[in-house]
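Structure first, then comments.
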Amino acid sequence: MARYQRVRGMRDILPPDAGRWRKVETVIVDVLQRYGYREIRLPLVEATELFARGVGEATDMVEKEMYTFPDRKGKSLSLRPEGTAGCVRAGIETGLLRGSARRLWYHGSMFRYERPQKGRNREHTQIGAEAFGMAGPDIDAEILTMLARAFGELGVAEDLTLELNTLGAGADRARYRQALTDYLTPRADALDEASRLRLATNPLRILDSKVASTRELVADAPNIHDHLSEDSRAHFDGLRARLDHAGIPYRLSPRLVRGLDYYTHTVFEWTTTALGAQNAVCSGGRYDGLVERLGGRATPGAGFGLGLDRLVLLEEARAPGQPAHVDVYVAFAGAAHGPRAAQVAETLRDATRLRVLCHAGEGGLKSQLRAADKSGARWAVVVGDEEARREGALLKPLRDAEAGQILLGMDALVEQLAANANAAANAA
RNA sequence: GUGGGUGUAGCUCAGCAGGUAGAGCCCCGGAUUGUGGAUCCGGUGGUCGUGGGUUCAAGUCCCAUCAUCCACCCCA
């Protein structure tokens with residue numbers, strides 16, 4: 001039993017998995033950059049007040065899931081539970097939102113003190129993006145199109161369903177909230193306990209309750225879509241038309257309301273049935289009032305957070321197996337040839353982009369070749385007495401039963417490996 | 001925060017009704033001197049999550065605790 005264990009809900013991501021993570025992150029980030037989004041790096045720690053004000057006092061996230069602690073002078077700080085509030089804070093504080101860099105992406109850990117379960121950890125990693133200063137539905141559509149592309153390129157599109165809804169503008173939402181409260185208050189006795197509490201604090205959340213009796217009650221509740229202003233309706237219709245035009249399928253989910261207070265108009269969630277109860281892989285929407293609420297000048301915004309822990313699980317199910325981490329394994333026959341082997345490896349690294357692992361430490365040639373095989377390398381290069389005398393190295397293909405090993409001079413060795421590597425790259 | 005399952009070698013697990021720990025995989029070495037993958041042989045490795053209790057005796061029973069998994073809840 002190890003003396004120290006990782007803290008509950010925190011994870012180590014080990015070699016084969018870490019490679020998968022990097023691959024997923026690379027695909028997503030590549031897509032974001034191709035849409036002109038630029039990276040912003042943000043602190044893990046913010047003033048607690050920022051989240052209380054930005055995400056909302058009455059949200060579960062703020063009420064009971066934050067890692068909150070006083071610093072040495074007693075100021076209340078929190079580990080970020082989500083990325084948007086910090087991004088907006090940075091945008092206001094630095095003046096970034098007044099410039100032209102209005103499409104931003106970030107990557108990093110988020111912390112929420114929850115009970116761990118499948119697809120849910122206390123530290124999880126998100127890639128998120130925010131687009132500021134664009135009020136029309138075109139940017140909402142761009143974000144969803146971009147995500148659809150990313151999921152497609154990752155090969156997980158079939159696992160995901162886009163659920164879409166609108167909450168209307170702030171005024172619509174207030175009006176709807178009143179209508180909903182008016183409907184539910186006389187029926188409060190029929191609500192489950194949690195929903196009854198929310199009636200006063202956050203009645204919209206009652207809509208997505210999973211309690212059967214509450215769902216029944218809510219089925220006949222007023223619909224947000226009947227409370228939208230002309231403009232709000234136009235915004236949503238505009239978004240839908242663009243999605244249809246782009247060929248992006250979605251499901252209208254009138255009860256999708258999201259657990260964060262800052263959303264207005266568009267809200268969406270990409271969900272999956274492949275991960276058990278934690279079905280949201282990516283979600284976001286529009287938050288036109290947030291910048292102002294956090295002290296900036298009124299600026300519309302829209303964005304999303306994408307849960308990498310869950311996305312990696314999906315990608316792994318779709319593309320199992322682990323790719324080789326080495327192309328060439330350099331071995332030596334006799335410890336005296338170790339330095340020369342290292343030299344040969346350097347020569348290969350100079351001349352090619354191949355991943356070259358040079359054996360180090362103990363072990364006879366036999367065990368070195370065993371290691372070469374296990375590494376997944378396509379070639380072993382062996383250096384020994386004979387090779388040293390001929391100022392070359394032995395090239396031994398490991399994945400091609402037909403091919404035999406040949407002793408080559410250094411120039412020929414480099415040439416052979418470079419040519420084969422290019423051929424393989426072109427084939428792939 | 002609530003409920004249920006599980007905690008034995010690095011990993012996956014077995015251990016019958018309490019009698020002083022086992023398999024497979026992995027790792028290391030060997031089966032012709034400098035040659036991988038298959039097979040065979042051998043080896044390293046465990047205070048049975050932790051702390052109490054019952055018992056002549058506990059991995060095995062009881063209690064507590066911690067961790068983990070799944071679900072509720074919540075969300076990415």
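For the C1' atoms, the distance linking B:U6 with B:U50 amounts to 16 Å, nearest Å. When the P atom is compared between B:G59 and B:G7, the two are found 15 Å apart, to the nearest whole Å. Across the P atoms, B:G10 and B:U47 are found 8 Å apart, a figure rounded to whole Å. Using P as the reference atom, B:G34 and B:G30 are 11 Å apart when rounded to the nearest Å. For the P atom pair drawn from B:G18 and B:C28, the interatomic distance equals 41 Å after rounding to whole Å. Taking the P atoms as reference points, B:G22 lies 16 Å from B:G42, given to the whole Å. Nucleotides B:C61 and B:U55 place their C1' atoms 10 Å apart, quoted to the nearest Å. Between B:A67 and B:C75, the two C1' atoms lie 23 Å apart (nearest whole Å).
Near-neighbour residues of RNA chain B inside residues 403-417 of chain A, defined by a heavy atom below 4.0 Å, number-ordered: A:Gln405.
Using N1 to N3 plus N6-O4 or O6-N4 for Watson-Crick, or N1-O2 and O6-N3 for G-U wobble, each under 3.5 Å, B:U55 pairs with nothing. The partner of B:G3, taking Watson-Crick or G-U wobble pairs whose two distances both stay under 3.5 Å, is B:C70. B:G37 makes up no base pair with any nucleotide shown, lacking Watson-Crick or G-U wobble contacts both under 3.5 Å. Applying the Watson-Crick and G-U wobble criteria (two distances, each under 3.5 Å), B:U32 pairs with nothing in any strand. In this structure, B:U47 makes no Watson-Crick or G-U wobble pair, since no nucleotide meets both defining distances under 3.5 angstrom. Here B:G24 sits opposite B:C11 as a Watson-Crick or G-U wobble pair (both hydrogen-bonding atom distances under 3.5 Å).
The six-membered or imidazole ring of A:Tyr329 lies away from that of A:Trp379, with a centre-to-centre distance of 6.0 Å or more. Aromatic pair A:Phe236/A:His225: ring centres closer than 6.0 Å. In summary, the aromatic rings of A:His337 and A:Phe332 are positioned with their centroids too far apart to meet the 6.0 Å limit.
Qualifying side-chain contact (heavy atoms from CB on, under 4.5 Å) partners for A:Glu292, counting only residues two or more places apart in sequence or in other chains: A:Ala298. For A:Asp12, the side-chain contact (heavy atoms from CB on, under 4.5 Å) test picks out A:Arg6, A:Leu14, with sequence neighbours left out.
Checking side-chain atoms of A:Arg349 against main-chain N and O of A:Val356 turns up a donor-acceptor pair under 3.5 Å. A donor-acceptor contact shorter than 3.5 Å links the side chain of A:Asp192 to the backbone of A:Ser195.
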Requested in this report: Could you walk me through whether A:Val218 and A:Ile206 pass the side-chain contact (heavy atoms from CB on, under 4.5 Å) test, one step at a time?
Outcome: CA-CA 8 Å; A:Val218 152; A:Ile206 298 172; 3.9 Å; yes
Query raised in the report: Could you go step by step and tell me if A:Asp60 and A:Arg198 meet the salt bridge (Lys or Arg N to Asp or Glu O under 4.0 Å) rule?
Result: CA-CA 11 Å; A:Asp60 283 29; A:Arg198 285 197 173 118; 3.6 Å; yes
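In this structure, CG of A:Asp400 is placed 17 Å from P of B:G36, rounded to the nearest angstrom.
A donor and an acceptor atom never sit less than 3.5 Å apart when one is taken from the side chain of A:Glu63 and the other from the base of B:G1. If you check distances only, the side chain of A:Asp373 never reaches the base of B:G37 with a donor-acceptor pair under 3.5 Å.
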Using the 3.5 Å cut-off, write out each protein N or O paired with an N or O of nucleotides 28-33 of chain B and the distance between them.
none

Query raised in the report: Once each nucleotide of nucleotides 65-76 of chain B is scored for protein heavy atoms under 4.0 Å, what B/S/- sequence comes out, 5' to 3'?
Result: --SS-SBBBBBB
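For residues 24-60 of chain A, the set of pairs meeting the ring-ring contact (aromatic ring centres under 6.0 Å, His included) definition, not counting sequence neighbours, is empty.
For the pair A:Arg187 and A:Tyr183, the cation-pi test (distance below 6.0 Å, angle within 45°) is passed. Judged by a 6.0 Å distance limit and a 45° cone about the ring axis, A:Arg122 is positioned over the six-membered ring of A:Tyr113.
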